[in-house]
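In what follows, a single structure is set out as structure tokens and then discussed.
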2 protein chains.
Amino acid sequence: MSSSVETPEEDVSVPGRITIRDVAKAAGVSIATASKALNDRGRMTPETRARIQTAARDLGFTPNAVARALVSQRSFTIGLLTNDTYGRFTLPVAAGLSAALIDRGVSVFLCAFQDDPEAARVNLRAMQDKCVDGLIIAGKRIDRGLPIELPRLSMPVVHVYSLCGDDDIGFMPDDRAGAALAVQHLIGLGRRRIAHVTGPLAFAAVAQRTEGWADALKAHGLAPFGAPLNGTWSEGFGYSVGQAWAALPPSERPDGVFCGNDQIARGVIDALTLAGLNVPRDISVVGFDNWSVFAEATRPPLTTIDMNLQEMGRQAGLVLLDMVEGLPVERGLRRLPCRLVTRQSCGVPPPA
Amino acid sequence: MSSSVETPEEDVSVPGRITIRDVAKAAGVSIATASKALNDRGRMTPETRARIQTAARDLGFTPNAVARALVSQRSFTIGLLTNDTYGRFTLPVAAGLSAALIDRGVSVFLCAFQDDPEAARVNLRAMQDKCVDGLIIAGKRIDRGLPIELPRLSMPVVHVYSLCGDDDIGFMPDDRAGAALAVQHLIGLGRRRIAHVTGPLAFAAVAQRTEGWADALKAHGLAPFGAPLNGTWSEGFGYSVGQAWAALPPSERPDGVFCGNDQIARGVIDALTLAGLNVPRDISVVGFDNWSVFAEATRPPLTTIDMNLQEMGRQAGLVLLDMVEGLPVERGLRRLPCRLVTRQSCGVPPPA
DNA sequence: CTGAAAGCGCTTACAG
DNA sequence: CTGAAAGCGCTTACAG
């Protein structure tokens with residue numbers, strides 16, 4: 001038994017955690033006064049306040065958040081509910097969210113679950129039991145919600161990268177403008193025959209990015225180079241498109257491609273390269289996502305669109321906090337701007 | 001102002017959440033009795049118990065976890081502290097952890113932060129304030145801890161995929177045996193000239209995987225094919241190695257390669273393919289990580305080693321719970337077995 | 001078998 | 001300016 005350990009300290013003489021009672025005693029005041037001093041509330045002589053705060057510091061007192069939650073009816077926790085178990089979207093969102101909230105004393109419960117209603121329900125229930133102050137609902141596509149009813153949920157909710165009804169409050173990237181950014185970049189580089197290869201039509205993001213492609217083309221008086229090519233969100237699809245292009249005479253190929261995501265872009269580039277073509281010399285390629293592990297590893301590294309998911313998480317957290325505090329918040333969807341990240345898959349922009 | 005919304009319901013007549021007081025009243029008993037009935041504790045007539053439980057169900061009562069935490073001195077929450085903001089390792093771990101704990105009523109706080117001591121301290125502090133019952137410390141390499149002192153932390157801690165002292169309790173993959181698995185697979189396929197290309201020497205995982213490579217070779221009376229090649233954990237490094245091999249006459253090339261991770265493996269394969277060689281015909285390649293987005297997208301898809309990180313998270317959670325409950329737990333490191341995932345980068349195994 | 005009381009650690013009116 | 005009291009929602013001895 002000597003190699004095993006009873007977890008709770010056996011030394012019962014150690015009273016465990018320092019409570020406000022301990023600091024009150026040490027400072028020679030009542031716990032009510034101690035509480036007010038520590039929260040910078042109420043009125044008392046500066047000396048008393050200082051004495052109490054010093055005592056607290058000396059004892060290493062940290063208020064018990066559970067007790068505080070019980071009386072204040074605020075737990076200073078929020079829940080992040082997501083069906084994005086892979087974390088492609090949720091992880092940057094969670095990072096921005098946590099970073100923004102940690103300073104305000106709020107922590108976030110991560111509830112990532114497979115896309116089935118039962119799991120969703122169990123996790124939602126857990127969040128209610130834990131009395132979270134609010135909920136972030138995050139998904140992996142902007143046209144689907146989680147498989148849960150949020151029936152008159154008594155707590156505020158912010159939707160991020162998932163379906164957002166008119167009466168909801170939510171955040172999404174401005175896919176359309178982001179796509180236009182990509183295409184403008186290609187045009188600025190002198191490309192004129194700009195194709196678009198992207199994901200399945202069923203995704204709202206696909207339609208929006210396709211519109212952005214058309215917008216930018218139109219703004220420059222350019223015709224689309226062929227119809228958009230829709231396939232799966234995979235390297236494999238991009239690869240097959242690249243192969244097909246490589247088999248064509250140069251005059252029938254695009255000189256620029258805007259891809260619906262980085263994986264497709266990589267597939268296109270790999271196929272073109274293997275067929276002896278050069279990216280960006282023969283064809284410039286832009287991706288979408290700025291998924292660094294792809295974008296940086298592609299040869300050449302991908303110029304791509306970043307959705308600023310981390311910033312989205314930050315803003316969603318801040319808005320949720322406002323709602324928790326009862327501040328008025330506009331309903332509806334916020335679309336956050338995307339940004340272009342330039343690497344080497346498009347060539348060098350002409351001198352400005 | 002009609003497009004904005006005051007978050008807390010304005011209807012004050014709605015008393016908010018159902019409490020145990022409500023169910024006690026509905027069932028015509030005291031709240032003490034209600035509590036016992038709902039927790040299947042104490043003794044009372046089955047009828048009374050049933051009546052109370054029915055009342056609770058009808059009212060939709062769910063116990064307030066905060067109040068329960070305050071009295072029971074257990075919050076039924078744990079913290080997951082990690083510096084793996086990218087989530088490559090932490091995400092599967094978190095998934096396994098949450099899934100295992102949700103059934104036991106415990107939720108997990110996600111604290112992912114950049115690798116600086118101040119952020120680590122702030123997050124650790126937040127977890128202490130929130131009175132978490134225990135902590136999972138997860139990293140992105142097995143030979144580094146988080147930049148925090150865990151000075152006589154009063155709560156139990158389990159380390160996952162990060163440095164684990166002799167007196168600590170932790171989980172890691174059995175890198176050495178996993179590597180041997182990969183090499184045995186190559187040998188079983190008839191490969192005899194088996195090279196090893198992997199990450200930087202400074203990583204303990206590199207040394208362990210290299211030992212596994214040597215172990216398996218030795219067990220079959222084979223000599224290593226050259227010294228291990230150490231570089232960065234990147235496609236780029238694998239690519240440069242592949243290029244160098246492609247330039248060699250076949251007799252000087254390996255016929256099988258065990259790579260330290262999937263990115264390196266992909267780089268090797270891409271370079272060989274671009275140079276006109278065929279994987280797996282000319283060279284069989286095994287990766288490490290089973291990072292699906294790489295392993296599945298590589299042409300051909302990667303045979304690779306999976307570290308079972310999700311299972312690791314599950315077991316870590318269960319052990320942590322045992323510690324929280326005061327059960328005796330063996331100190332020390334647990335090494336969990338890896339598993340081989342067969343795809344197409346090695347060729348078809350000979351009929352058994 | 002059931003209930004009144006005390007208490008978890010804190011905060012917030014309300015007296016003095 | 002400071003403290004005694006009540007209470008957040010629950011559980012746990014302890015009486016009856």
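Predicted model only: the values in this text are computed from it and were never measured. In the text below, chain A, chain B and the rest are named by the order of the sequence lines, each starting its count at 1.
Taking B:Glu311 as the reference, B:Arg314, B:Gln315 meet the side chain to side chain donor-acceptor pair (under 3.5 Å) condition, with sequence neighbours excluded. Under the ring-ring contact (aromatic ring centres under 6.0 Å, His included) criterion, B:Tyr161 pairs with B:Phe89, not counting sequence neighbours. With sequence neighbours excluded, the residues forming a side chain to side chain donor-acceptor pair (under 3.5 Å) with A:Asn83 are A:Asp115, listed by chain and number. With sequence neighbours left out, A:Thr85 forms a side chain to side chain donor-acceptor pair (under 3.5 Å) with no residue at all. In this structure A:Arg141 satisfies the salt bridge (Lys or Arg N to Asp or Glu O under 4.0 Å) test together with A:Asp143, sequence neighbours excluded. For A:Phe61, there are no ring-ring contact (aromatic ring centres under 6.0 Å, His included) partners two or more places apart in sequence or in a different chain.
Applying a 4.0 Å cut-off to non-hydrogen atoms, the residues of residues 44-63 of chain A that approach DNA chain C are A:Phe61, A:Pro63, listed by residue number. Less than 4.0 Å separates DNA chain D from at least one heavy atom of each of the following residues of residues 65-74 of chain A: A:Leu70, A:Val71, A:Gln73. Contacts between residues 32-40 of chain B and DNA chain C, defined by a heavy-atom separation under 4.0 Å, are made by B:Ala32, B:Thr33, B:Lys36.
Protein chain B touches strand DNA chain C; the 5'-most and 3'-most nucleotides with an atom under 4.0 angstrom of its non-hydrogen atoms are C:dC1 to C:dG9.
Across B:Ala138 and B:Leu80, no two heavy atoms sit closer than the pair CB-CD1, 4.0 Å. Contact record, B:Val158 with B:Ala316: CG1-CB, 3.9 Å, taken as the closest heavy-atom pair. Closest approach of B:Val66 to A:Cys131, counting heavy atoms only: CG2-CB, 4.0 Å.
Salt bridge absent: A:Arg88 and A:Asp84 never bring a charged side-chain N and a carboxylate O closer than 4.0 Å.
Around CG of A:Asp166, the count of heavy atoms belonging to other residues, nucleotides or ligands within 6.0 Å does not exceed 12.
Pairs passing the side chain to side chain donor-acceptor pair (under 3.5 Å) check and including a residue from residues 46-61 of chain A, sequence neighbours excluded, read A:Thr45-A:Thr48.
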Residues B:Phe113, B:Leu146; criterion side-chain contact (heavy atoms from CB on, under 4.5 Å); working and verdict:
CA-CA 10 Å; B:Phe113 46 83; B:Leu146 292 192; 3.8 Å; yes

Let me have DNA chain D in dot-bracket notation, would you? Count Watson-Crick plus G-U wobble pairs, both distances under 3.5 Å, and use [ ] for pairs crossing earlier ones and | for inter-strand partners.
|||.||||||||.|||

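Between the side chain of B:Asp22 and the backbone N or O of B:Thr19, at least one donor-acceptor pair lies under 3.5 Å.
With 3.5 Å as the limit, one finds a donor-acceptor pair spanning the side chains of A:Arg17 and A:Thr62.
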